[in-house]
There are 2 protein chains.
Amino acid sequence: MRRIESSQNSQVKHWKRLVTVRKERDKSGEFLVEGFHLVEEALKKPDLVLSIIIREGITIPKAWNVEDIEIIEVTMDIAVEIAETEHSQGIYAHCSQPKSTTDQQQNWKKLLFIDAVQDPGNVGTMIRTADAAGMDAVILGKGSADAFNPKTVRSGQGSHFHIPIVKGDLSQWIQSCKYKKIAVYGTSLEDSVTYNDVEPQQQFALIMGNEGSGLSPEILVQTDMNLKIPLLGQAESLNVAVATGILLYTLIPINIKS
Amino acid sequence: MRRIESSQNSQVKHWKRLVTVRKERDKSGEFLVEGFHLVEEALKKPDLVLSIIIREGITIPKAWNVEDIEIIEVTMDIAVEIAETEHSQGIYAHCSQPKSTTDQQQNWKKLLFIDAVQDPGNVGTMIRTADAAGMDAVILGKGSADAFNPKTVRSGQGSHFHIPIVKGDLSQWIQSCKYKKIAVYGTSLEDSVTYNDVEPQQQFALIMGNEGSGLSPEILVQTDMNLKIPLLGQAESLNVAVATGILLYTLIPINIKS
């Protein structure tokens, strides 16, 4: 096991920048996850794990298969520097961001498109919800919080290792869906149908928009149909991740009978 | 307009404790809200607003009706002390927690019960979701985050002023529902029916449980029926506020046809 004691070490600087600087994540295609649960989820995709970093005194659970993975021990000071949360568990995985091939992308039939959702916690919860609903992938359009921001990863609860996440041009993705006859649903209060008037679909794309302003106008004109969730009380809106859950669990076919 | 310049002022100390100490909120039955949007929502229930606090240099929007409300100006230093968020807008409302009478409570027919949900952001989003779904009230059982914690209030997005929130003994509330023939739905993966096998109900109580462990065993044995949301991907669970949205929007009758 390697041990690093200097916070001036170039690797420590890289880890720290992965936590704090989006450009560093974008450029390197890497990210850092924190805590026992997320590191364990990362290890289910061992090809993505570049190294596991532990604070001195922390022991890796015996049940984990880490034979082929580099373990790096760091001092308490370094562990604090690369920690995102105040009460860090002192264990991290330095990971590659998962990639998907064009061939894989061609086969996706159930897609969640995220259009300029700004809060990382919301984006992470939406990724987790898409995973739970058995979606094939999440596509993040421009203006959205970074999928690999530590806050996004934390709210994703491991789903970053379960479901492909792609940054892309939503207009191009919508065109590709139309070509493949996949229905594209937007969300809007105007010119829209109530969510529960729509039948479950074997293939579809759902687009969710910005917390304050909803879908961008240029995206809205490209949808096949827009859905709305009635607000029956005095709330002005629903949280975007909650709305995502309601709509995905309306659109996906549930065949499990109790 | 009164102006306070000393952070040793007893009122400033009380505001600060309302933000940071649950006991202070419980004992006084008061809380503080922050930011233009929440203060505006508070003003829709003027009886609850004890005073509006503004940082020097901040102007109250002309459209607001604040004639009968005390406005207190404070220095930048005091504004920072009572701020919950880093980028505070410098405007606060010191409010009484809304109360409901036994007579009002007797008429409630659509209820959300929260059993030991610990994250204030989750509890706030659940209150907002219950408001959106047109529920009559939210009942918070023991072990839940405080409804009037600043983080809970922030995620509530104003719903604290729209829907009654009561702290209570969930077992007693369940008994009261049974007496009134109101169906009580729990949530569980075992001995449960899939959420979309249940028809919308004119009256019901839904109980949502702790983020990690779900419903308490003593609550689970008292429900009429338990619901589950199938997990179709690899996610181990849904966020509790997202699950609340899916279940409430399955159980409430949606009569609005597009």
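Proteins come first, then strands; the chains are lettered A, B, ... in the order of their sequence lines, and each starts at number 1.
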For atom NZ of A:Lys167, is the number of surrounding heavy atoms from other residues, nucleotides or ligands below 6.0 Å larger than 12?
yes
Tell me, yes or no, whether the heavy-atom count around B:Lys151 atom NZ, taken from other residues, nucleotides or ligands under 6.0 Å, exceeds 12.
no
Nearest-0.5 Å distance that lies between atom CD in B:Glu236 and atom CD in A:Glu41
5.0 Å
Between B:Ile229, B:Ile163, B:Thr250, which shows the greatest number of heavy-atom pairs under 4.5 Å with chain A?
B:Ile229
Got a donor-acceptor contact below 3.5 angstrom from the A:Asn239 side chain to the B:Thr125 backbone?
no
From B:Ile254 CD1 over to A:Leu232 CG, what is the distance, rounded to the nearest 0.5 angstrom?
5.0 Å
Between the side chain of A:Asp131 and the main-chain N/O of B:Gln234, is any donor-acceptor distance below 3.5 Å?
yes
Per-residue contact mode, A:Ile252 against chain B (heavy atom under 4.5 angstrom):
side chain
Cut-off 4.5 Å, heavy atoms of chain A, and the answer for B:His37 is side chain
Donor-acceptor pair, side chain of B:Arg128 and main chain of A:Ala235, under 3.5 angstrom
no
CD1 (A:Ile246) and CG (B:Leu248) are apart, to the nearest 0.5 Å, by 8.0 Å
Okay, B:Ala241 and chain A: the region with an atom under 4.5 Å from a heavy atom over there is both
Looking at A:Ala130, A:Ser155, A:Gly245, which makes the most heavy-atom pairs under 4.5 Å with chain B?
A:Gly245
Answer yes or no: are there more than 12 heavy-atom neighbours, outside A:Asp224 itself, under 6.0 Å from its atom CG?
yes
Counting only non-hydrogen atoms closer than 4.5 Å, does B:Ser237 touch chain A with its backbone (N, CA, C, O), its side chain (CB onward), both, or neither?
both
A:Thr129, part contacting chain B, at a heavy-atom distance under 4.5 Å:
both
Interatomic spacing from OH in A:Tyr249 to CG in B:Asn196 - rounded to 0.5 Å
10.5 Å
Assess whether atom CG of A:Leu189 is packed by more than 12 heavy atoms of other residues, nucleotides or ligands within 6.0 Å.
no
